[in-house]
Amino acid sequence: MTKKIVCCFLLVAIFSCVKDVDFEQAEDIVLSPVVESSLVFFDFEASEFSEPTGTAIVTVGDDLELDIFNDEFLRDNLTRCEFFFEITNSIDRNFRADIILYDENDQITYAFAINVMPDGNNEVVTTHTEVFEEALLEQLKSTVRLELILSMFPSATGIPLDENSVGNIKMRSKATLFFLIDNE
Amino acid sequence: MKKLSYIFLFFISFAFAQNKQLLYNFTDIPQSLLLNPGAEVNYKWHAGFPLLSHIHASAGASGVTVYDVFADNGVNFNDKLRRVVYNLDRNDYFTINQQLEIFSGGFAYGNSYEPDKYLSFGLYQELDVHFYYPRDYAILAYEGNQNNIGRSFDLGDLNGKGELLSVLHVGITKKVNKKWTYGVRGKIYSSLLNFKSTNNSGSFVTTEGTNNFYNHSFDLDLQLQTSGYASLIDLDNDGQNDWNRKAIKELRKRVLFGGNLGLGLDAGFTYHPKEQWTITGSIQDVGFIYHTKDVETYALKGQYTFEGVNPLFPNNGSGQTADEYWQEITENFEDLFELDTITTNYMAWRSPKINGSASYKYGKKVLKECNCTADDGDYLNEVGLQLFAIGRSRRPQLSVSAFYYRRLFNFLSGKVTYTVDGFSKTNIGVGLSSHIGNINFYIMADNLLEYQNLAKSNYASVQLGFNYIFPMEKK
């Protein structure tokens with residue numbers, strides 16, 4: 001009797017099971033987080049660009065190490081990247097921001113420019129979105145250095161800039177990273 | 001990314017709890033003394049069959065089942081996953097508990113006519129893993145920060161611990177009189193492996209910035225304490241099989257006093273306010289393990305706010321060159337995410353457990369000869385309520401069970417429980433204990449309603465074992 005009961009119990013235990021499930025599905029896992037990060041910013045007054053003739057091109061520039069796109073995780077899982085720039089200008093001059101990307105051999109991988117118009121000393125907001133996808137994204141992934149060059153062009157009216165000139169040029173920027181993390 | 005999905009699978013597949021509502025106060029079975037050293041003993045001596053006297057495994061996940069994630073129902077896996085990621089609470093948890101008795105035994109002593117004390121002892125191995133669902137980490141990984149500007153991700157959501165240990169114990173049960181029995185059990189723990197990450201805090205938040213679009217604030221205070229782990233990783237490794245063999249050999253060495261040692265105490269009682277009423281209570285594993293050998297703690301600590309890079313042209317007056325400025329930012333980030341490895345001793349408390357019950361016995365066996373009940377016979381039925389609580393790093397977890405115990409035949413008794421806890425509100429369990437000759441065999445399983453498809457259950461447990469029990473002489 002006991003044996004029978006125990007046997008029944010064991011049978012139930014053995015044949016209890018895990019049904020209608022498919023663990024292979026885990027292979028289909030796809031995560032698609034979107035991460036945003038601040039990038040470069042600056043805010044310069046007109047006086048910083050003092051230029052007594054009113055006819056010169058003033059160029060300033062800076063270099064940034066930017067090897068994050070080389071990271072293995074990003075190389076494998078980043079599917080799209082956008083750089084968004086917002087430049088607010090109240091200096092009565094034309095500007096151009098050049099963004100130049102270099103690989104580890106100091107070869108230019110990609111470059112783009114943002115032209116900024118003035119409206120006297122009124123604030124003019126210029127925005128620019130640069131999208132990196134597919135081939136362009138691959139170029140970004142081989143980037144290790146970013147150079148930012150800001151050029152100020154001569155005044156149409158020939159007015160020089162000095163310590164008392166008014167206006168600012170401001171830049172804010174961010175990167176939006178679109179990931180696709182899957183099993184491949 | 002394969003690793004990611006396997007780790008995920010592991011997390012979802014296993015989760016065990018420690019409640020042994022079926023075994024508690026099932027006094028026909030000597031292992032009930034491990035849950036309450038003050039349980040009543042009605043045999044002269046016992047010996048467990050080595051390695052077979054108590055096998056216990058249980059798994060549970062609050063708030064999610066294997067079926068929720070892996071159901072073969074045509075719904076896209078990622079849709080099911082999303083539901084789980086968002087529906088689980090930060091206090092939802094996963095637990096695994098497994099025990100294997102290596103040897104055990106006991107004998108009555110004291111007054112030679114009617115021994116009033118029972119000494120029981122043994123050695124068992126236990127695996128206990130418990131972790132909370134790291135909700136904010138999951139959501140951050142799942143959707144990123146773009147849609148969460150202003151939301152502070154709580155890094156304290158990471159909270160878990162796991163241990164593999166052996167427990168050598170000796171307990172004494174003392175029957176004071178017909179009403180009172182009490183007992184205590186001392187334990188020496190030998191920890192084979194331990195990891196613990198329960199005191200994490202900090203946050204990550206992206207807010208609207210002033211100079212740039214965003215401020216990213218990192219505030220990290222995270223720590224993972226381990227013992228017994230570093231030396232395993234350092235084992236010579238001639239392939240995975242070789243490593244496995246060496247690791248098992250190394251772990252086996254730690255079973256008897258070879259690991260990090262600790263002390264613990266169990267105590268309990270049984271009280272009959274009236275003949276048919278029983279009240280019991282016990283507390284288990286009030287104890288700690290002091291980790292001194294092979295300890296390694298990994299810590300991440302620091303604060304940093306990043307709002308982007310401010311190029312230095314033409315001149316910002318700081319006197320820094322662009323390169324110096326950039327170096328400073330990268331160093332700040334490196335400092336922030338640098339994992340410090342520290343080898344300080346630490347104390348780990350065990351998770352204490354409390355059991356209690358109140359029950360009523362009734363119905364004596366009707367004798368055929370006289371169609372009456374035997375006055376000195378045992379009652380055949382018992383009904384009651386049991387309470388179980390276990391201390392965990394955030395808050396105790398509770399469960400309540402109603403039970404019915406019945407002596408079915410002289411050689412067979414059974415217990416049915418209905419349990420409500422954090423895992424489910426419909427947990428029915430059955431336990432049977434047979435005594436054939438002096439051999440006792442018991443088997444118990446939980447969550448029978450879900451037994452046809454365990455994938456749909458939040459919790460399941462099974463316990464079984466063989467003992468040799470020598471009964472009291474009938475007076």
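Residue numbering restarts at 1 for every chain, and letters A, B, ... go by the order of the sequence lines.
Not a single donor-acceptor pair under 3.5 Å links the side chain of B:Gln146 to the backbone N or O of A:Pro33.
The greatest number of non-hydrogen atom pairs below 4.5 Å with chain A, out of B:Asn212, B:Asn145, B:Asp72, is found for B:Asn212.
Taken from CD in B:Gln327 to CD in A:Glu65, the straight-line distance is 6.0 Å, to the nearest 0.5 Å. Taken from OG1 in A:Thr176 to CZ in B:Phe213, the straight-line distance is 9.5 Å, to the nearest 0.5 Å. Note that the CG atom of B:Asn211 and the OG atom of A:Ser38 stand 9.5 Å from one another [nearest 0.5 Å].
Remark: of the listed residues A:Leu146, A:Leu64, A:Leu66, A:Leu64 is the sole one forming a side chain to side chain contact (heavy atoms under 4.5 Å, CB included) with B:Val309.
The contact between A:Phe84 and chain B is made by backbone and side chain atoms together, counting heavy-atom distances below 4.5 Å. Using a 4.5 Å cut-off between heavy atoms, B:Glu307 contacts chain A through both its backbone and its side chain. With a 4.5 Å cut-off on non-hydrogen atoms, A:Ser37 touches chain B through its backbone and its side chain both. Looking at B:Asn78, the atoms closer than 4.5 Å to chain A (heavy atoms on both sides) all sit in the side chain, from C-beta outward.
Residues satisfying the ring pair (Phe, Tyr, Trp, His ring centres under 6.0 Å) criterion with A:Phe83, sequence neighbours excluded, are A:Phe132.
Counting non-hydrogen atoms of neighbouring residues, nucleotides and ligands closer than 6.0 angstrom, the CD atom of A:Glu104 reaches no more than 12 such neighbours.
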